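By convention in this document, chain letters (A, B, ...) are assigned in the order of the sequence lines, proteins followed by strands, and residues within each chain are numbered from 1. This one's a predicted model, so the numbers in the text were calculated from it and none came from an experiment.
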Number of protein chains: 2
Amino acid sequence: MPESTPRRTQAERRAATRAALLEAAARGLSSHGYANLALERVARDAGYSRGALYHLFADKEELALAVVDWVSELWDSEVLQPARAEGEPLTSLLSMARGHARLCRHDVARVMLTLEVEFTGQDHPVGSAIAAVVEQLESEIAELIAAGRRNGSIPPGPPQRLTAAAFMGVLESIGIALAGQAPHDVELMERAARGVLGIAPATDAGAPTGD
Amino acid sequence: MPESTPRRTQAERRAATRAALLEAAARGLSSHGYANLALERVARDAGYSRGALYHLFADKEELALAVVDWVSELWDSEVLQPARAEGEPLTSLLSMARGHARLCRHDVARVMLTLEVEFTGQDHPVGSAIAAVVEQLESEIAELIAAGRRNGSIPPGPPQRLTAAAFMGVLESIGIALAGQAPHDVELMERAARGVLGIAPATDAGAPTGD
DNA sequence: GCACATACCTGCACGCGTGTAGGTAGACTT
DNA sequence: AAGTCTACCTACACGCGTGCAGGTATGTGC
């Protein structure tokens with residue numbers, strides 16, 4: 001939003017509008033996808049007109065790529081880094097699952113899923129961008145799985161790449177299935193994560209049983 | 001495809017073209033989504049022109065609804081019915097997981113995921129249609145979970161509706177993650193399914209370990 | 001075999017969305 | 001304080017896709 005313009009420097013204005021547009025674009029992409037997203041809506045949503053948008057971004061594609069970049073960095077700092085801080089591979093993976101569950105409340109994570117689904121099969125720059133991000137994440141996951149299998153905390157199973165892909169998919173799907181839910185989600189996310197890894201569920205006796 | 005027209009009755013022609021258009025539309029929806037799907041492409045893909053399409057379907061919406069119906073019935077006969085044939089709830093659920101893994105090779109299952117993602121949040125007739133289908137499936141899954149928990153084959157856990165939603169999500173995500181893969185997918189699908197249900201992995205010793 | 005119905009096609013009007021050009025008001029330079 | 005630069009807006013041209021109307025050819029009832 002352009003606020004009441006209390007005498008700001010140009011750089012500040014630029015950064016502020018850019019951020020507002022990026023956030024609006026992220027929300028738009030998350031719920032409407034790329035092709036079905038009208039830039040008029042994005043700009044209007046952020047409190048500007050399409051002119052401002054085209055002044056800050058070359059075209060629709062560049063805007064989407066910026067969003068992908070932003071989301072990717074968010075995921076990296078909010079989920080990946082904390083997970084890496086854990087020493088043990090399995091603990092790292094479960095930490096990722098919990099972190100992702102938290103992130104999904106801001107519906108930012110939905111952007112990834114939406115774009116991934118929309119572009120799989122095509123070869124569009126935006127599609128390649130999220131594909132690259134996902135690929136990167138899956139590599140990291142695959143390595144953790146390998147390490148966990150080596151030190152015995154994760155039992156053997158299907159090939160690492162496949163398992164990693166499944167792990168990633170589970171994170172995404174459960175994330176959207178439970179977006180904006182009660183803290184149950186963290187437990188469900190962990191159960192599912194353990195499942196793909198082939199690990200027996202944590203011995204929880206006090207879990208709620210019905211609905 | 002219109003074939004070399006070896007003297008067919010009108011009903012036959014109608015049915016044949018309708019089927020061809022439906023299949024092409026399903027493929028199109030699966031890879032391009034609804035909004036981004038050009039009917040010219042669909043018709044051309046099926047070997048006809050847009051005129052034929054508008055002759056058999058009132059508009060784009062009706063076509064999409066027909067596809068949803070078709071896919072829903074396919075899922076029902078190929079996955080749900082066999083699963084229901086099993087007596088035990090847990091066995092039924094795992095059967096569903098395996099059946100879905102098989103179906104995903106025909107990329108028909110992708111249609112559901114694509115449309116679901118595209119329309120969540122909107123209130124478009126097509127969105128409501130797949131939402132209804134998914135809702136129906138989740139109900140069925142929830143009941144199976146409840147039954148399994150009652151007879152002790154499935155341990156207690158988060159509320160049934162949530163668990164069912166997660167189960168469904170896992171089916172979809174793993175389905176697309178492994179579309180067109182080797183038979184590993186069935187095992188991975190089962191592991192993940194067991195995971196959301198909170199069940200210890202099957203004691204498999206002979207599974208491949210690396211990639 | 002003639003009139004009719006139906007499968008299917010081509011051409012047109014309209015809406016919507018992107019990208020661009022030209023204009024205004026506020027910020028930086030000297 | 002005058003000139004320039006930049007954030008931002010409005011207005012237009014263009015492409016693309018949907019839906020419809022009018023046409024041809026092929027099956028169907030009498």
Open item on the list: Can you tell me if B:Thr17 touches the phosphate of C:dA7, counting only side-chain N or O atoms and a distance under 4.0 Å to OP1 or OP2?
Closed with: no
Task: B:Lys60 side chain, from C-beta outward: closest of D:dG19, C:dG17, D:dC9 - done: D:dG19
Open item on the list: If you take any heavy atom closer than 4.0 Å to DNA chain C, which residues from residues 114-122 of chain A end up in contact?
Closed with: none
Task: Minimum-distance nucleotide to B:Tyr48 side chain [options: C:dG26, D:dT10, C:dC8] - done: C:dC8
Open item on the list: Given the structure, check if the side chain of B:Arg50 and the base of D:dG19 hold any donor-acceptor pair shorter than 3.5 Å.
Closed with: yes
TODO: Could you check whether A:Leu63 gets within reach of a base, just the sugar-phosphate, or nothing at all, counting any heavy atom under 4.0 Å?
DONE: nothing
TODO: Starting at atom OH of A:Tyr54, determine the distance to atom P of D:dT10, rounded to an integer number of angstrom.
DONE: 16 Å
Open item on the list: Between A:Arg84 and A:Asp76, is there a side-chain heavy-atom distance shorter than 4.5 Å?
Closed with: yes
Task: B:Thr120-A:Arg110 side chain donor-acceptor pair, cut-off 3.5 Å - done: yes
Open item on the list: Using only atom types and a distance under 3.5 Å, with no angle test, would you say the side chain of A:Glu86 pairs donor to acceptor with the backbone of A:Ser95?
Closed with: no
Task: For atom CD of B:Glu62 and atom P of D:dG19, their distance in whole Å - done: 11 Å
Task: Student check: side-chain heavy atoms of A:Leu115 and A:Val67 closer than 4.5 Å - done: no
Task: A:Glu61 CD - C:dG19 P separation (whole Å) - done: 9 Å
Open item on the list: Using a 4.0 Å heavy-atom cut-off, does A:Leu37 contact any base of the nucleic acid, only the sugar-phosphate backbone, or nothing at all?
Closed with: sugar-phosphate
Task: Between A:His32 and B:Gln122, a side-chain donor and acceptor under 3.5 Å - done: yes
TODO: Figure out the CG/C1' separation between B:Asn36 and C:dG17, and round it to whole Å.
DONE: 13 Å
TODO: Let me know the distance between CG of A:Leu39 and P of C:dC16, rounded to the nearest Å.
DONE: 16 Å
TODO: Send over the distance from B:Arg41 CZ to D:dC16 C1', rounded to a whole Å.
DONE: 13 Å
Open item on the list: Please determine whether a side-chain nitrogen or oxygen atom of A:Arg14 lies at a distance below 4.0 Å from atom OP1 or OP2 of D:dA7.
Closed with: yes
- [ ] Could you tell me whether the side chain of A:Glu118 and the main chain of A:Ala35 form a donor-acceptor pair under 3.5 Å?
- [x] yes
TODO: With the side chain of A:Leu56 defined as its heavy atoms from C-beta on, choose the nearest nucleotide among C:dC8, C:dT18, D:dC8.
DONE: D:dC8
Task: Side-chain heavy atoms of A:Ile130 within contact of A:Val71, under 4.5 Å - done: no
- [ ] Kindly point out which of D:dC9, C:dG17, C:dG26 is positioned nearest to the side chain of A:Ala38?
- [x] C:dG17
Task: Rounded interatomic separation in angstrom, taking NE2 from A:His55 and C1' from D:dC5 - done: 10 Å
- [ ] Let me know the distance between CG of A:Leu53 and P of C:dT18, rounded to the nearest Å.
- [x] 9 Å
